[in-house]
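Comments concern the structure below.
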Amino acid sequence: MEKENLKNYFNLINNDKPINLMSEDILDRKEFSKKLGKLILEYKLSDSLVIGLLGEWVQVSHL
């Protein structure tokens, strides 16, 4: 396994460590993250905002 891919692999294992560069976005979540961030920033109601993320676990086969 190449050194850069190995680094990305361990970033997946340590899943509470945020990525710092878009090049580290090996799951291609950039657009989703931008849209979610915009939704959060633009939320102006006085009620609480609750966000749940549901989905299947994926297998990353290109590492």
Side-chain angles (χ1 to χ4, degrees):
M1 188 177 292
E2 294 176 25
K3 187 175 183 178
E4 185 63 28
N5 285 341
L6 187 60
K7 177 184 169 191
N8 289 336
Y9 176 75
F10 285 116
N11 279 340
L12 285 176
I13 293 172
N14 186 7
N15 62 4
D16 62 348
K17 182 180 175 188
I19 64 171
N20 296 307
L21 304 170
M22 287 299 171
S23 62
E24 297 172 331
D25 181 18
I26 62 173
L27 298 178
D28 196 28
R29 300 291 193 242
K30 177 176 60 175
E31 290 305 316
F32 171 78
S33 299
K34 283 182 180 180
K35 289 176 184 176
L36 180 59
K38 184 177 182 207
L39 179 136
I40 293 168
L41 288 173
E42 293 178 354
Y43 185 78
K44 304 297 184 206
L45 298 177
S46 61
D47 293 336
S48 298
L49 174 65
V50 177
I51 298 172
L53 301 177
L54 304 175
E56 296 182 26
W57 285 94
V58 297
Q59 178 180 351
V60 180
S61 60
H62 64 279
L63 292 179

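Fair warning: this is a prediction, and the values are worked out from it, not measured in the lab.
Not counting sequence neighbours, the partners of Lys34 by the salt bridge (Lys or Arg N to Asp or Glu O under 4.0 Å) test are Glu31.
With rounding to the nearest 0.5 Å, the separation of CD1 in Ile40 from CG in Leu49 is 6.5 Å. Here Arg29 contributes atom CZ and Ile26 contributes atom CD1; the two are 10.5 Å apart, rounded to the nearest 0.5 Å. In this structure, CG on Asp25 lies 12.5 Å from CG on Asn20, to the nearest 0.5 angstrom.
For the salt bridge (charged side-chain N to carboxylate O under 4.0 Å, His left out) condition, the pairs that include at least one residue of residues 37-47, sequence neighbours left out, are Lys38-Glu42.
At least one side-chain heavy atom of Leu53 sits less than 4.5 Å from a side-chain heavy atom of Phe32.
Taken together through direct or relayed side-chain contacts under 4.5 Å among Ile, Leu, Val, Met, Phe, Trp and Tyr, Leu45 and Ile51 form part of one hydrophobic cluster.
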